S.K.: 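Let me begin by handing over the structure; questions about it come next.
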Amino acid sequence: MPENKDKKKKTNPNSNSPDFDENIKKKQMEEYHMDYKGQYMTTDQGVRVSDADNSLKAGERGPTIMEDFHFRERMTHFDHESIPERIVHARGSGAHGYFQPYESMSEYTKAKFLQDPKVKTPVFVRFSTVVGSRGSADTVRDARGFATKFYTEEGNYDLVGNNMAPFFIQDGMKFPDVVHALKPMADSEIPQASAAHDTFWDFASLVPEAAHMLMWVLSDRALPRSFRMMEGFGVHTFRWINEAGKARFVKFHWRPVLGTYSLVWDEAQKLAGKDPDWLRRDLWESIEMGDYPEFELCVQLVEEKDEHTFDFDLLDPTKIIPEELVPLKKVGKMVLNRNPDNFFAETEQVAFHPGNLVPGIDVTNDPLLQARLFSYLDTQLNRFGTPNFTEIPINKPVVPVSNFNGAGFMRQRIGKGKVNYFPNSLGGGDPKMASEKECGYVHYQEKIDGHKIRKRSKSFEDHFSQAILFWNSMSKTEQMHIVKALHFELGKVDSKEIRERMVNNILNNISHELAAKVAKGIGVEPPSGEAFSRVKDEVRSVKDKVVDAVTHGKTVKDSPALSMERSKKAGSIRSRKVAILIDNGFNHQELMSVKKALKDQGAQAKIISMFKGMLKSSDGQEVEVDKSHITTGSIMYDAIFIPGGKESVETMKKQGDVKHFINEAFKHCKAIAASGEGVDLVMESDIKGVKLAAMGTKELVNDAGVITLRDTSDLNAFSQAFVEAIGLHRHWMREEKMEVPA
Ligand code: HDE
């Protein structure tokens, strides 16, 4: 087996490992690549194969003979091709890349990979949904996993997070329950990859600690536009420890450089049918095209002395630290620049574990995190059937591994000599212990003093304040989306009792307005009054009794950072997809001019028409169709453009698919641009209530992201307005136009 050979050259002065640089993992994995080019096919024993089409038979029409070792080898391999899928996060997509700090974090942590802004540490990231099985659709309403393995010079460090900052439950003891409730129902195995069923909402209505996370899962954050456009959170509070031994609490955040954006629910549902690989494909294609996903790692740091100064407990994973209380500090950037070579070998076999820590990073007593420290290694044993999964390429550290861990299935390392115990004198005492100075991992010496007790801290008792904060921090549009999400989710719940309990026991404790609006859509009597003030008082009186818990802590009433809309910056349209609808006779100049403007901004323009093949413009120029209507839809684009050309527009006016394309894009609030006769086509669709450029006018009209221009002598301002409208992502004011079909 290839091992890291000792080489003289060191690129990183801090490094434990020879030749440490961002390519170290790539090179290590390349040693395992199978080379097919110019090779003879062989059996697994290396014997050349003479016929891979016919099994060995007793006569041409006779039975297959047992001695056909090649047939048996192939069939056995095939029969054992799968391993158990992950019990949660089964559906995932991975990518390689690197992480590079902006500046040294030595004041806060001694972790080597965070010391030197010149050092790029290789990473592998796996994004996932939580509930669905491996073949389920990407765009379901769910939290997304965001797990990162840093192959550092001090060994592997895993940051195994989600795209949502809180979690459903406070204690790992309840994890099997919340997962069972979320997964398809025990008798029918219905529904796949969706919480919209009786058992989940039964559980949720009985477990108020889930209230805060429910708000996140019902929000648009559960429908990311792309893995490249979603945030990541470490969820728990961790510890950073510096060289001097000083510890601080730390919360981790990943911020996508492109901004955080979501789909709309109707679009997400349709994509699940039209392209179940939507997010996976987007990740893969952007990396192939060189649009590398980038995320900034940020931290919130809290001094140990400030542990009890908040009005929630830092150890409670159903709580966040609002950014308005502790601002984010930027640490560095991660760039994902390489697709895996093999899905199974890398994305399926990667094994994360929150207990994979390096010196300078440690855990806290968060009871959910503590449970995870047990679960991940255990679950990997179930998946791989052996503790030796750490030796396969994707999981193998880039630094030497040296210990006396025993044999077991599929052991690959070959320990030489008779000594396999410690301490030893026969082996010269090696492998030896490392002091802290020599990067030995030393657990943070937290003082623990308590009774052995099966109980939750009183400081974990306030379940609603942050659910309320989340709801109050949303824009009106985002609040409406939460209400509609509940109409859908609870609308699928057969038991009226559960629907009533959700409205009265959970939602009415968050907001009376929310409870009343939801009740209306799900056949439940709206609650008569606000429960919130009562609960708040109870919570307060419970807290007041607690001596050393969070009492008069810091708090905020509004956190714009929680709202994607309110914290949105009109931004780059890099890698956004724009559909251009045309047919024969289109206006070539309009097409090319807008296409160029889009391309200059890094967006992708795709030609859509009724059929694949070539189309001719009014002045005889040919362009190739990228997609026919039957294979695509407006849901796969961020914006649409309809150039003029009388013949092209007249043909499209008669095409229902085109009309549907425009209506749907309008309803999903996407930027729509039409030039010349293209404006007539927009008028033919059912879009309502927006102003369009009138016949004979030279004026450019931009109404709610619908940009129209009749006189096309100067297309610059038109293209500019279109680019800006795409950069706003969606134009929500159109959503209220109920009469437009989608
Ligand atoms: Fe996980 N989780 N989890 N989880 N989790 C797994 O490990 C578990 C939790 C997260 O792409 C499993 O390898 C318990 C929180 C991600 O491979 C399993 C508890 C967060 C992934 C497991 C939690 C996560 C997993 C299943 C509560 C966000 C996918 C397969 C005590 C911070 C990693 C596996 C990948 C996967 C257990 C809660 C994130 C069963 C017991 C909170 C991103 O070990």
Side-chain angles (χ1 to χ4, degrees), residues 11-17 19-29 93-127 145-163 227-235 238 240 250-258 283 286-287 290-301 328-340 346-347 350-354 356-361 394-399 439:
T11 47
N12 171 10
N14 294 322
S15 179
N16 249 348
S17 143
D19 260 355
F20 187 94
D21 67 21
E22 65 171 304
N23 291 318
I24 188 168
K25 187 67 193 166
K26 184 165 181 263
K27 283 188 220 144
Q28 185 196 47
M29 292 187 66
S93 309
H96 292 273
Y98 66 85
F99 175 80
Q100 188 172 19
Y102 290 137
E103 55 179 323
S104 172
M105 288 288 122
S106 60
E107 190 183 340
Y108 311 106
T109 172
K110 60 185 174 185
K112 281 261 152 62
F113 78 105
L114 297 174
Q115 304 301 308
D116 184 348
K118 289 199 288 299
V119 174
K120 293 179 177 176
T121 298
V123 297
F124 185 76
V125 174
R126 185 173 178 273
F127 301 109
F146 189 140
T148 309
K149 193 179 280 294
F150 299 79
Y151 301 95
T152 87
E153 52 196 288
E154 294 178 297
N156 290 352
Y157 166 56
D158 292 355
L159 178 52
V160 197
N162 278 345
N163 77 330
F227 290 135
R228 303 173 292 125
M229 298 172 198
M230 68 181 198
E231 281 180 87
F233 301 91
V235 176
F238 291 85
W240 266 6
V250 58
K251 288 261 192 195
F252 295 108
H253 295 242
W254 287 113
R255 280 273 158 96
V257 169
L258 288 176
L283 179 68
S286 4
I287 294 176
D291 271 328
Y292 299 141
E294 294 181 338
F295 298 87
E296 283 186 316
L297 181 67
C298 304
V299 287
Q300 288 173 298
L301 290 164
L328 301 195
K329 177 176 182 53
K330 287 184 183 180
V331 177
K333 196 197 269 182
M334 175 166 75
V335 178
L336 301 179
N337 56 9
R338 187 160 58 88
N339 278 317
E346 298 167 69
T347 310
V350 66
F352 293 96
H353 177 17
N356 288 348
L357 299 163
V358 289
I361 307 180
I394 192 69
N395 295 322
K396 190 174 163 163
V398 291
V399 289
C439 304

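Here the structure is a predicted model, which means the values were calculated and not measured.
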S.K.: If every non-hydrogen atom of Asn156 is compared with every non-hydrogen atom of Val398, which pair is closest and at what distance?
M.R.: OD1-N, 4.5 Å
S.K.: Looking just at side-chain N and O atoms, do Arg228 and Ser286 make a donor-acceptor pair shorter than 3.5 Å?
M.R.: yes
S.K.: Taking the side chain from Arg126 and the backbone from Thr347, do they hold a donor-acceptor pair closer than 3.5 Å?
M.R.: yes
S.K.: Could you report the tightest heavy-atom contact between Tyr151 and Thr121, atom names first, then the distance?
M.R.: O-CG2, 3.5 Å
S.K.: Can you tell me how far apart OG1 (Thr148) and CG (Leu297) are? Round to the nearest 0.5 Å.
M.R.: 8.5 Å
S.K.: How far does CG of Asp116 sit from CD of Gln100, to the nearest 0.5 angstrom?
M.R.: 9.0 Å
S.K.: Rounded to the nearest 0.5 Å, what's the gap from OG on Ser104 to NZ on Lys118? Could you check?
M.R.: 10.5 Å
S.K.: Ignoring hydrogens, what is the shortest heavy-atom contact between Lys120 and Phe20? Give both atom names and the distance.
M.R.: O-CE2, 3.8 Å
S.K.: Give me the atom names and distance for the closest heavy-atom approach of Phe227 to Ser93.
M.R.: CE1-OG, 3.9 Å
S.K.: Please check this pair: side chain of Glu154 against backbone of Lys112, looking for a donor-acceptor N/O pair closer than 3.5 Å.
M.R.: yes
S.K.: Report yes if some heavy atom in the side chain of Asp158 is under 4.5 Å from a heavy atom in the side chain of Pro354; otherwise report no.
M.R.: no
S.K.: Please find the pair of heavy atoms, one from Tyr108 and one from Lys329, that lie closest to each other, and give the distance.
M.R.: CE1-CE, 3.3 Å
S.K.: State the CD-CG distance between Glu346 and Asn339, to the nearest 0.5 angstrom.
M.R.: 9.5 Å
S.K.: Hey, does the side chain of Lys110 reach the backbone of Trp240 with a donor-acceptor pair shorter than 3.5 angstrom?
M.R.: no
S.K.: Is there a side-chain contact between Glu294 and Met334, using heavy atoms and a 4.5 Å cut-off?
M.R.: no
S.K.: Go through Leu357 and Tyr157 one step at a time and tell me if the side chain to side chain contact (heavy atoms under 4.5 Å, CB included) criterion holds.
M.R.: CA-CA 5 Å; Leu357 299 163; Tyr157 166 56; 4.1 Å; yes
S.K.: Donor-acceptor pair, Gln115 side chain versus Thr109 backbone, under 3.5 Å?
M.R.: yes
S.K.: When you check the side-chain N and O atoms of Glu231 and His253, is any donor under 3.5 Å from an acceptor?
M.R.: no
S.K.: Verify the neighbour count for atom NZ of Lys27: are there more than 12 heavy atoms of other residues, nucleotides or ligands below 6.0 Å?
M.R.: yes
S.K.: Just to verify, which of Phe113, Tyr98, Phe124 counts as forming a ring-ring contact (aromatic ring centres under 6.0 Å, His included) with Phe150?
M.R.: Phe113
S.K.: Enter the distance from Asn162:CG to Met230:CE here, rounded to the nearest 0.5 Å.
M.R.: 8.5 Å
S.K.: If we only count heavy atoms from C-beta on, is the His353 to Val160 side-chain gap below 4.5 Å?
M.R.: no
S.K.: How many angstroms lie between CG in Asn337 and OH in Tyr292, if you round to the nearest 0.5 Å?
M.R.: 5.5 Å
S.K.: Is the shortest side-chain heavy-atom distance between Leu328 and Val299 below 4.5 Å?
M.R.: no
S.K.: At their closest point, which heavy atom of Val358 faces which heavy atom of Gly155, and how far apart are they?
M.R.: CG1-O, 3.6 Å
S.K.: Could you verify whether a donor N or O on one side chain and an acceptor N or O on the other, from Lys25 and Gln28, lie under 3.5 Å apart?
M.R.: yes
S.K.: Determine whether Val331 and Phe99 satisfy the following criterion, side chain to side chain contact (heavy atoms under 4.5 Å, CB included), listing intermediate values before the conclusion.
M.R.: CA-CA 10 Å; Val331 177; Phe99 175 80; 4.2 Å; yes
S.K.: May I have the step-by-step check of side chain to side chain contact (heavy atoms under 4.5 Å, CB included) for His96 and Ile287, ending in yes or no?
M.R.: CA-CA 10 Å; His96 292 273; Ile287 294 176; over 6 Å; no
S.K.: Can you find a heavy atom in the side chain of Leu283 that is under 4.5 Å from one in the side chain of Pro293?
M.R.: yes
S.K.: When you check the gap from the basic side-chain N to the acidic O, do Arg255 and Glu296 get nearer than 4.0 Å?
M.R.: no
S.K.: Please examine the side chains of Phe252 and Phe233, heavy atoms only from C-beta on, and report whether any two atoms are closer than 4.5 Å.
M.R.: no
S.K.: How far apart are the C-alpha atoms of Phe238 and Lys251, what are their side-chain angles, what is the distance that settles it, and do they pass the side chain to side chain contact (heavy atoms under 4.5 Å, CB included) test?
M.R.: CA-CA 6 Å; Phe238 291 85; Lys251 288 261 192 195; over 6 Å; no
S.K.: Would you say the side chain of Val123 lies within less than 4.5 Å of the side chain of Leu336, judging by non-hydrogen atoms?
M.R.: yes
S.K.: If you define the side chain from C-beta out and look only at heavy atoms, does anything of Leu159 sit under 4.5 Å from Ile361?
M.R.: no
